[in-house]
Amino acid sequence: MKMSAQQKTEMMGTEKVWKVLLVMAGPGILAQLSHTLYNLVDRFFMGQYVGNTALGAVSLTSPLINIMAGLSLLITIGGAALLSMRLGRGELDSARVLFSNLMVQAVVTSFALALIYFLFAPQIIRLCGAPKTSTLYEGAVLYLRITSFGLMFQLLNAVQASVIRAEGNVQYSLIVSLIGGLINVGLDALLVVGFHMGVAGAAYATVASQLVSALVSTFYFFGGRSRMRWTGFGSINPKLLAEVVRAGMAPAILQMLSFFTGILLNNSLRKYGDLSPVGGDMAISVMSVIQTSESIFTGVVMGINQAASPITSYNFGAEKYDRVKQTTILAVLSATVFSFASWALMMFAPQILFAVFCSDTSIAAYGVHAMRLNRMLAMCMGVQSLCAMFFSSIGRPATATFMSVLKQGAFLIPGLLILPRILGLDGVLLSTAVSDFFSTIFILCLYVSGLRKLGTPEYQTAKWTGI
């Protein structure tokens, strides 16, 4: 029997937790992987059909992608958590006002970022580690300027998809993501392989697919499928927008810090790569394959997280604390099992991953060593992501933010500054593993403490009422 939007929402508070998580996780994972396809496919076609220089040029923009991802999480995680709590309390009118604020926030934020990327692309690319003398410079500037036009569509679609998932309609969210991902693959093949447009072809394909995804997700709300309604510009509330930012601050800070650490990483790879036989451009290209491979696994973890987040928030708003605990523990365990599987692949068969994303055997020869050093503790990624998101979902952004800062700020940045001075290029690669080790210990301690306090006066939903 086909369920209404209201029935899909209420299912999160009545059906067995494992069943709801399973129903939402499958489409959530596929949807997240389809988002990953945008960058993954571009890098695949660059590495296989254009060359190392194009692959490195696209990779050079990775820190900038983290900024967009951070802004997306800032609005989607914070907005979805507040929206789910309102729906859990039966406050439909308040949820509609929030929805309208989220749409405005997405458009204004993405437009501002797109303008900055387009106007200052040369300066930004130099900041990311490619001087004008680098073979990566021109391709990276071109790629950034073209893809900046798609940022508004990308963020609007991400926010709308998070609202669709918060209502429980993960299937439609999946359809939207798959449509965009498949169009991106088809256009990449046509423009890069068929018309030999190189970096520009990959960029145009990305923008076109993001536009289509945004249009399809917008149709969901105007087609009467959703309980959400546009309440007009008069309902825009700066205090409510600030509340969304506060609720989504933790994952956003993690991504924003990834921007700074990404720049530091690129510059360290160039500096210490040039001091070694590997070379700076080669080191950046190798890291491109490592990050692309990891993005597949991270996509699955984030898919589990996006499935668990609205369930957690809904039940927290309904004061069903046992269901909150069941959801978060099951999600953390599921993500950890997958993280171990991905770690095993990166440690024992890294050559397979390099063969997929790059046809140059010289990159693969050094890349196997680099991947094993850099992703030595990749099995921790599930714990790091899901535990921090748990606190965001129950309206404790300060704790979640602190967790995010631990990994990227407290451990990774010092590691990148200290270890290369001792170990050279290997020190750059090992910094991630060192950060994973120390941050995971602290995060687990905070998570266990939070679970024990859930339902106490300090951790009751009344403490997080929103605006």
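Below, all heavy atoms of this structure are taken into account, side chains as well, without hydrogens, waters or symmetry copies.
Atom CG in Leu87 sits 11.0 Å away from atom CG in Leu82 (nearest 0.5 Å). Atom OG1 of Thr231 sits about 9.5 Å away from atom CZ of Arg96, to the nearest 0.5 Å. Summarising the geometry, atom CZ belonging to Arg270 is positioned 12.5 Å from atom CG belonging to Leu425; distances are rounded to the nearest 0.5 Å. The distance from the CZ atom of Phe259 to the CG atom of Leu64 is 6.0 Å, given to the nearest 0.5 Å. Once rounded to the nearest 0.5 Å, the distance linking OH of Tyr137 with CG of Asp281 reads 14.5 Å. In this structure, Leu21 CG and Glu15 CD are separated by 12.5 Å, a value rounded to the nearest 0.5 Å.
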Sequence neighbours excluded and cut-off under 3.5 Å, please list the side-chain donor-acceptor pairs for residues 336-343, or say none.
{"residue": "Thr336", "atom": "OG1", "partner": "Val332", "partner atom": "O", "Å": "2.8"}
{"residue": "Ser339", "atom": "OG", "partner": "Ala335", "partner atom": "O", "Å": "2.8"}
{"residue": "Ser339", "atom": "OG", "partner": "Gly382", "partner atom": "N", "Å": "3.1"}
{"residue": "Ser342", "atom": "OG", "partner": "Ser339", "partner atom": "O", "Å": "2.8"}
{"residue": "Trp343", "atom": "NE1", "partner": "Met376", "partner atom": "O", "Å": "2.8"}

Side chains of residues 262-269: which donor-acceptor partners sit under 3.5 Å, not counting sequence neighbours?
{"residue": "Asn266", "atom": "ND2", "partner": "Cys128", "partner atom": "O", "Å": "3.1"}
{"residue": "Asn267", "atom": "ND2", "partner": "Leu127", "partner atom": "O", "Å": "3.2"}
{"residue": "Asn267", "atom": "ND2", "partner": "Ile263", "partner atom": "O", "Å": "2.8"}
{"residue": "Ser268", "atom": "OG", "partner": "Leu264", "partner atom": "O", "Å": "2.8"}

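Using a distance-only test at 3.5 Å, with no hydrogens or angles considered, a donor-acceptor pair links the side chain of Asn374 to the main chain of Leu429. With hydrogens and angles ignored, the 3.5 Å screen pairs no side-chain donor or acceptor of Asp436 with any backbone N or O of Cys380. No donor-acceptor pair under 3.5 Å is formed between the side chain of Ser110 and the backbone N or O of Leu155. Not one N or O on the side chain of Ser435 forms a donor-acceptor pair closer than 3.5 Å with the backbone of Ser431. Side chain of Gln48 to main chain of Val356: a donor-acceptor pair is present (N/O by atom type, distance under 3.5 Å, no hydrogens or angles).
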Steps toward side chain to side chain donor-acceptor pair (under 3.5 Å) verdict (Thr312, Thr327): CA-CA 6 Å; Thr312 303; Thr327 302; 4.9 Å; no

Test log, rule side-chain contact (heavy atoms from CB on, under 4.5 Å), inputs Asp426 and Tyr272: CA-CA 9 Å; Asp426 280 355; Tyr272 291 98; over 6 Å; no

Candidate pair Phe411 and Phe437, rule ring-ring contact (aromatic ring centres under 6.0 Å, His included), full reasoning: CA-CA 9 Å; Phe411 299 118; Phe437 175 76; 9.4 Å; no

Stepwise side-chain contact (heavy atoms from CB on, under 4.5 Å) check, Ile284 with Leu136: CA-CA 10 Å; Ile284 291 175; Leu136 310 180; 4.2 Å; yes

Derivation and outcome, side chain to side chain donor-acceptor pair (under 3.5 Å), residues Thr147 and Tyr204: CA-CA 7 Å; Thr147 54; Tyr204 286 126; over 6 Å; no

Chi angles and distances behind the side-chain contact (heavy atoms from CB on, under 4.5 Å) call for Phe354, Val286: CA-CA 9 Å; Phe354 274 90; Val286 166; 4.2 Å; yes

Chi angles and distances behind the side-chain contact (heavy atoms from CB on, under 4.5 Å) call for Thr206, Gln210: CA-CA 6 Å; Thr206 297; Gln210 289 169 342; 3.5 Å; yes

From CA spacing to verdict: ring-ring contact (aromatic ring centres under 6.0 Å, His included), Phe391, Phe402: CA-CA 10 Å; Phe391 286 99; Phe402 178 68; over 10 Å; no

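Contact check for Arg145 versus Tyr117: no side-chain heavy atoms found under the 4.5 Å cut-off. Considering only heavy atoms from C-beta on, Asn157 stays 4.5 Å or farther from Phe153 through its side chain. Taking 4.5 Å as the limit, every side-chain heavy atom of Thr432 sits out of range of all side-chain heavy atoms of Leu416. Looking at Thr53 and Met46, their side chains never come closer than 4.5 Å, going by heavy atoms from C-beta outward. Residues Val50 and Val199 are not in side-chain contact: their nearest non-hydrogen atoms beyond the backbone lie 4.5 Å or more apart. Between Phe221 and Trp230, the closest side-chain pair of non-hydrogen atoms is not below 4.5 Å. By the 4.5 Å heavy-atom criterion applied to side chains, Met302 and Thr298 are counted as neighbours. The shortest side-chain heavy-atom distance between Thr109 and Ile75 falls under the 4.5 Å cut-off.
Judged purely by distance below 3.5 Å, without hydrogens or angles, the side chains of Tyr447 and Thr328 pair a donor atom with an acceptor atom.
The two residues Leu83 and Ala95 have their closest heavy-atom pair at CD1-O, 3.4 Å. Of all heavy-atom pairs spanning Gly79 and Leu98, the tightest one is O-CD2, 3.8 Å. Nearest approach of Ala283 to Val278, heavy atoms of both residues: N-CG1, 4.0 Å. In this structure, Glu294 and Arg375 approach most closely via the heavy-atom pair OE2-NH2, 2.7 Å. Scanning all heavy atoms of the two residues, the minimum distance from Ala200 to Leu142 falls at CB-CD2, 3.9 Å. Contact between Ser226 and Tyr220 at its shortest, heavy atoms only, is CB-CE2, 3.2 Å.
Residue Phe260 qualifies as open at atom CZ: its count of foreign heavy atoms under 6.0 Å is 12 or below.
Looking at residues two or more places apart in sequence or on another chain, you find a side-chain contact (heavy atoms from CB on, under 4.5 Å) between Ala349 and Leu345, Gln351, Ile352.
Partner of Leu144 under the side chain to side chain contact (heavy atoms under 4.5 Å, CB included) criterion, chosen from Val58, Leu60, Ile124: Ile124.
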